[in-house]
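Below: the structure, in structure tokens.
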Number of protein chains: 2
Amino acid sequence: MEDSTEAVDARTRILRTALKVFASKGYAQASTREICQRAGVNVAGIHYYFGDKASLYQELFQIPERMIRPPIILDEADTSLEAGLDAWYRHIMTFVLDADSGSHMRLLFLREQVDPSGLLDVDRVGIIGLYHAQLVRFLKRHLRIEESDSALNQLAFTLVGMAMVFYVERAAIRQLTPGLMESEEDLEAVVERMACHALAAVEAERLRRTSL
Amino acid sequence: MEDSTEAVDARTRILRTALKVFASKGYAQASTREICQRAGVNVAGIHYYFGDKASLYQELFQIPERMIRPPIILDEADTSLEAGLDAWYRHIMTFVLDADSGSHMRLLFLREQVDPSGLLDVDRVGIIGLYHAQLVRFLKRHLRIEESDSALNQLAFTLVGMAMVFYVERAAIRQLTPGLMESEEDLEAVVERMACHALAAVEAERLRRTSL
DNA sequence: CTATTTAATTCAAGCGCTTGCTTGAATTAA
DNA sequence: TTAATTCAAGCAAGCGCTTGAATTAAATAG
């Protein structure tokens with residue numbers, strides 16, 4: 001048993017431990033025995049409280065929702081392009097960085113996005129969908145576009161990708177370029193530059209559209 | 001047995017099938033029994049020819065090397081920034097698109113990048129490392145930078161990320177925005193815009209550096 | 001060319017282990 | 001007494017891997 005907080009009933013102890021194990025190993029590679037052992041619960045506990053492994057996993061995705069909501073600032077009408085992009089990357093990068101230390105739930109969501117278990121409703125999964133959709137709205141407003149087209153969607157995905165690579169490849173990035181993601185100041189600088197590059201891409205798209 | 005080409009010895013039949021199965025399920029989730037069954041070979045075949053599952057997996061990574069080499073054009077001195085970025089994204093996007101139909105080897109490499117098996121030499125793994133390093137060289141030349149710093153490395157990762165999101169999220173992208181990655185013309189347009197956005201980001205970085 | 005020996009290959013069976021899950025009894029709380 | 005919870009034990013299935021025999025191919029001898 002590793003959950004130091006006593007006086008927590010077995011059910012939530014299972015939930016908390018399952019969250020960690022699923023987040024670190026993924027659904028398929030996580031074993032119910034390990035979850036129960038680390039939670040200090042008999043193996044039958046999962047069946048007793050949740051039915052089976054899949055239901056336990058799905059239960060984890062019932063709770064949060066607000067945890068993964070994209071930042072509201074982008075939807076406010078008076079947010080400038082610069083400020084919006086800056087806020088968005090600051091938000092999404094803390095989100096990404098959380099993955100290593102702290103928020104297992106976010107790691108779980110990201111993992112589900114990259115390597116789906118196949119157990120969740122398609123609607124519930126898409127954080128990328130949520131963030132993409134918000135970006136599209138934001139870009140439509142600032143580029144004064146009525147109907148979103150392929151190019152706009154692509155641009156939004158591109159802006160997502162600029163941040164996503166820092167999650168998917170964070171191990172490689174740390175190894176290849178130390179001093180890029182270590183301290184809090186590093187992250188601050190990264191966000192600032194990222195917003196700058198993103199802004200340039202958006203402006204390029206604006207220019208591209210007028211010249212057509 | 002699904003390998004229609006007859007007169008292929010058991011060893012290569014195992015190799016070919018293993019490639020498909022590993023590529024579609026990943027190392028841990030792929031079972032030796034399935035590989036052997038689909039290859040039309042007894043389960044002992046893997047042990048007989050390769051020793052064990054891990055060695056078979058590693059054997060797959062002995063062959064290619066040149067398959068994953070980044071495009072040489074970028075290292076030629078007379079390649080312009082525009083032309084280089086365009087060529088680079090054209091190359092990497094066919095690479096990414098291959099993943100679904102055809103080159104299982106590339107899918108295997110990408111999978112190993114995103115979800116490492118832990119069985120490969122670190123040196124052999126890093127396609128992202130290769131591509132990133134080439135981009136850094138390319139950018140150093142065009143931005144006239146002597147020593148690469150955090151900002152330059154970040155920019156290179158950003159350029160990688162712009163393409164990578166189309167691999168990692170290709171399922172979501174296809175669902176969210178049909179008509180972005182279907183036909184050959186779609187891809188052509190995507191590459192063109194991608195290069196345009198990337199160019200803007202690079203120029204933004206150039207400007208950012210002079211204004212410091 | 002045939003017969004015999006030798007080596008290479010294929011095979012079914014199964015071992016030990018881990019997986020998710022079940023069960024009926026023991027324990028605790030109401 | 002009754003209900004809720006915990007438990008050890010174990011089942012069936014899948015896993016990677018092993019084994020010794022059966023089969024086939026290759027090499028050698030008559």
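Numbers restart at 1 for each chain; the letters A, B, ... are given by sequence-line order, proteins then strands. Heavy atoms only: backbone and side chains are in, while hydrogens, waters and symmetry mates are out.
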Start with the C-alpha distance between A:E169 and B:H132, add both sets of side-chain angles, then the distance that settles side chain to side chain contact (heavy atoms under 4.5 Å, CB included), and finish with yes or no. CA-CA 11 Å; A:E169 295 298 332; B:H132 173 80; over 6 Å; no

Given atom CD of A:E34 and atom P of C:dT19, what is their separation to the nearest angstrom? 8 Å

Below the 4.0 Å mark, does C:dT22 have OP1 or OP2 next to a side-chain nitrogen or oxygen of A:H47? yes

Touch class at under 4.0 angstrom, heavy-atom based, for A:D52 against every strand present: sugar-phosphate

Do A:N153 and A:S150 have a side chain donor and acceptor closer than 3.5 Å? no

For C:dA29, the Watson-Crick or wobble partner whose two distances fall under 3.5 Å: D:dT2

Between A:V41 and B:Y27, whichever has its closest DNA chain D nucleotide further toward 5' is A:V41

Output yes when at least one side-chain N/O atom of B:Y48 is less than 4.0 Å from OP1 or OP2 of D:dT18, else no. no

Would you indicate, yes or no, if D:dT5 has its OP1 or OP2 atom less than 4.0 angstrom from a side-chain nitrogen or oxygen of A:N42? no

If you take the centroid of each ring, where Trp contributes its six-membered ring, are A:F50 and A:Y57 closer together than 6.0 Å? no

Short N-O contact, B:E147 and B:K140, less than 4.0 angstrom: no

Check the distance between D:dA8's C1' and A:Q37's CD and give it to me in whole angstrom. 14 Å

Measure the distance from CG on A:D9 to P on C:dT28 and round it to the nearest whole Å. 18 Å

Mate of D:dG10 across any strand shown (Watson-Crick or G-U wobble, both atom pairs under 3.5 Å) is C:dC21

Starting at atom NZ of A:K53, determine the distance to atom P of C:dT18, rounded to an integer number of angstrom. 16 Å

Mind calculating the distance between CD1 (B:I14) and P (C:dT9) to the nearest angstrom? 12 Å

Closest to the B:S31 side chain: C:dG20, D:dC15, D:dA9? D:dC15

By the 4.0 Å heavy-atom rule, please label A:A54 as base, sugar-phosphate, or nothing. nothing

Taking CD1 from B:I35 and P from D:dG16, how many angstroms apart are they, rounded to a whole number? 8 Å

No-H, no-angle donor-acceptor pair, B:R33 side chain to D:dG14 base, under 3.5 Å: no

Base, sugar-phosphate or nothing for A:F50? Non-hydrogen atoms, less than 4.0 Å. nothing

Minimum side-chain heavy-atom gap A:I145-A:L139 below 4.5 Å: no

d(OH, A:Y49; C1', D:dT6) in whole Å: 8 Å

Short side-chain N/O contact from B:T32 to OP1 or OP2 of D:dG16, under 4.0 Å: yes

Kindly give the heavy-atom pair with the smallest separation between B:H91 and B:P71, and that separation in Å. ND1-CD, 3.4 Å

By nearest-nucleotide position on DNA chain C, the 5'-leaning member of A:A44 and A:A30 is A:A30

Between A:Q29 (CD) and D:dG14 (P), how many Å, whole number? 17 Å

